[in-house]
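A quick write-up on the structure given underneath.
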Protein chains: 2
Amino acid sequence: MNENDTILIIDDEIQIRRLLEISLTSNGYKTIFASDGKEGLTSAATHNPSAIILDLGLPDIDGLELLVKLREWFNKPIIVLTVRNSEDDIIYALDKGANDYLTKPFRSGELLARVRTAIRLNTEKIDSPILEFGSLSIDLINHVVRKNNEIVKLTATEFSLLSLLAKNQGRVLTHQFLLREIWGYSYYEQTQYLRVFIAQLRKKIEENPSKPELLITESGIGYRFGN
Amino acid sequence: MNENDTILIIDDEIQIRRLLEISLTSNGYKTIFASDGKEGLTSAATHNPSAIILDLGLPDIDGLELLVKLREWFNKPIIVLTVRNSEDDIIYALDKGANDYLTKPFRSGELLARVRTAIRLNTEKIDSPILEFGSLSIDLINHVVRKNNEIVKLTATEFSLLSLLAKNQGRVLTHQFLLREIWGYSYYEQTQYLRVFIAQLRKKIEENPSKPELLITESGIGYRFGN
DNA sequence: AAATCTTTATAAAATCTTTATACATTCTAT
DNA sequence: ATAGAATGTATAAAGATTTTATAAAGATTT
């Protein structure tokens, strides 16, 4: 379930960090910590966590500013956890892209439930468990791809790439986006990786790999799955 | 924006209903009310609201039961709004599919922000801005252009030019402006580029490329999309 | 040792730029 | 008012550049 979910905590209070670490790790999450805004930004970029818990009172920049900066590219849940209880802050944070807003002191069971909810809402509309496209089926939960009911053997990277494209069927995903999502934040220039893996996928899932009907090239932009 | 969003309020307290009605309608939402669980279920089914605000203390059945029943088929946001403040209730409600949980008394600005957030999170990945012009559609986010529902393959530059013109439908954009926006600041004299690309676009999207109806020439000035 | 991922090399394809040419429109001098 | 010049436009096509597909070698991981 949440075995691979990493939560980034951006907060400089030692006690809060301890508390969060205990309750999150004992519920199967991995945790990373950042104690100021700058560290938070780079950590989000390098680790690509499944969610961020963000304090607003940071030593270097205001948490709401950081929220806005993160939202320029970070599309996973951001849960604000802060002592600031003014309605203005709450409204501002939610309207700037926060998924939830909790005030300290907080109850750790509730926080956990809200983390679960945020992650669930973020993934459920994408992850219908089995995607079907003609004779191709992609089982996202069991990591199994079938073509004409026969299992196609894909490597981990091939599967990630295929499922990311398939989940966004009909949409052009840019080279940058694909590279950042699958290889990591700093790999956005390694376009060649994509070409190699797209070619491998086409060999495995296309009826006629030289005339692809599923994995479509958008020259100069990226790739698209299906129409 | 939220002009067509209808919110169903399932709550039997008159004062809460009045308060919610005022703040929601004055922010552009339509409201429907149900005062017990049974009415709530049928109302959700018949009106298919964009979100539900659910009180847990209902006269006929427990709100958490109703939540579970609703979630069997209702996939839009459900925001629980209740006096019940026990952590168990909060965790249970969130894990059973509530999108948010607010306790009474509540601040109406915050409630509105949470409603906005819930609706945004529910829809943001599903629909993207699509420009429609007769049989032509331009999906700006997914970078897909369709004519009579068939995908028109455009190059990156062609797409930029078309979407820039279409976003400014009816407005004349000068040669200089178009060249600077798409090719770069110093390209403002390369009017010939525009002619070449406009001609290519007309071949791809006009019914009759020699009598353009979408990409209109404004001689000596620039080009215009549509009327 | 086998499988997978990364990197390099190269040919092919697609796209963009530039040139050439024909057509259309506006302006000007008679 | 009209011939002719000047300006603006459409389009095809050649040339240059960028992007892509693919195989295969090297590195890394399992």
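First the proteins, then the strands, lettered A, B, ... as listed; each starts at 1. Scope of the values below: all heavy atoms of this structure, side chains included, with no hydrogens, waters or symmetry mates. Not measured: the values here are computed from a predicted model.
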**Report entry** Distance test, side-chain N/O of H175(B) to OP1/OP2 of dG8(D), below 4.0 Å
**Finding:** no

Report task. For L154(B) and dC16(C), give me the distance from atom CG to atom P, rounded to whole Å. Result -> 10 Å

Query raised in the report: Whole-Å distance between dT19(D) P and I198(A) CD1?
Result: 17 Å

Query raised in the report: Do you see a donor-acceptor pair shorter than 3.5 Å between the side chains of Q15(A) and R18(A)?
Result: no

Requested in this report: Determine, step by step, whether D89(A) and R84(A) satisfy the salt bridge (Lys or Arg N to Asp or Glu O under 4.0 Å) criterion, reporting the C-alpha distance in whole Å, the side-chain angles of both residues, the deciding distance to 0.1 Å, and the verdict.
Outcome: CA-CA 7 Å; D89(A) 280 336; R84(A) 279 152 68 172; 3.1 Å; yes

Query raised in the report: Does dC16(C) have OP1 or OP2 sitting under 4.0 Å from an N or O in the side chain of W183(B)?
Result: no

Let me have the donor-acceptor pairs involving side chains of residues 197-221 of chain B, under 3.5 Å, with sequence neighbours excluded, atom names and distances please.
{"from": "R202(B)", "atom 1": "NE", "to": "L215(B)", "atom 2": "O", "distance (Å)": "3.0"}
{"from": "R202(B)", "atom 1": "NH2", "to": "L215(B)", "atom 2": "O", "distance (Å)": "2.7"}
{"from": "R202(B)", "atom 1": "NH2", "to": "T217(B)", "atom 2": "OG1", "distance (Å)": "2.8"}
{"from": "K204(B)", "atom 1": "NZ", "to": "K153(B)", "atom 2": "O", "distance (Å)": "2.9"}
{"from": "K204(B)", "atom 1": "NZ", "to": "E158(B)", "atom 2": "OE1", "distance (Å)": "2.8"}
{"from": "E206(B)", "atom 1": "OE1", "to": "E213(B)", "atom 2": "N", "distance (Å)": "2.9"}
{"from": "E206(B)", "atom 1": "OE1", "to": "L214(B)", "atom 2": "N", "distance (Å)": "3.3"}
{"from": "E206(B)", "atom 1": "OE2", "to": "E213(B)", "atom 2": "N", "distance (Å)": "3.2"}
{"from": "E206(B)", "atom 1": "OE2", "to": "L214(B)", "atom 2": "N", "distance (Å)": "2.7"}
{"from": "E206(B)", "atom 1": "OE2", "to": "L215(B)", "atom 2": "N", "distance (Å)": "2.8"}
{"from": "N208(B)", "atom 1": "OD1", "to": "S210(B)", "atom 2": "N", "distance (Å)": "3.3"}
{"from": "N208(B)", "atom 1": "OD1", "to": "S210(B)", "atom 2": "OG", "distance (Å)": "2.9"}
{"from": "E218(B)", "atom 1": "OE2", "to": "R224(B)", "atom 2": "NE", "distance (Å)": "2.7"}
{"from": "E218(B)", "atom 1": "OE2", "to": "R224(B)", "atom 2": "NH2", "distance (Å)": "3.0"}

Query raised in the report: So what does the secondary structure string of DNA chain D come out as, 5' to 3', with Watson-Crick or wobble pairs under 3.5 angstrom, [ ] for crossing and | for pairs with another strand?
Result: ||||||||||||||||||||||||||||||

Report task. Let me have a per-nucleotide readout for nucleotides 12-18 of chain D, 5' to 3', with B, S or -, counting only protein heavy atoms under 4.0 Å. Result -> B------

Query raised in the report: Is any side-chain N or O of R195(B) closer than 4.0 Å to OP1 or OP2 of dT11(D)?
Result: no

Output a table of nitrogen or oxygen pairs between the protein and nucleotides 28-30 of chain D separated by less than 3.5 Å.
none

Kindly list each side-chain donor-acceptor pair under 3.5 angstrom involving residues 134-142 of chain A, sequence neighbours excluded, with atom names and distances?
{"from": "S135(A)", "atom 1": "OG", "to": "N148(A)", "atom 2": "OD1", "distance (Å)": "3.4"}
{"from": "D139(A)", "atom 1": "OD1", "to": "I141(A)", "atom 2": "N", "distance (Å)": "3.0"}
{"from": "D139(A)", "atom 1": "OD1", "to": "N142(A)", "atom 2": "N", "distance (Å)": "3.0"}
{"from": "D139(A)", "atom 1": "OD2", "to": "N142(A)", "atom 2": "ND2", "distance (Å)": "2.9"}

Query raised in the report: Considering only heavy atoms, which members of residues 205-223 of chain A lie under 4.0 Å from some atom of DNA chain D?
Result: T217(A), E218(A), S219(A), G220(A), Y223(A)

Query raised in the report: Taking 4.0 angstrom as the limit, do R114(B) and E110(B) come out as a salt bridge?
Result: yes

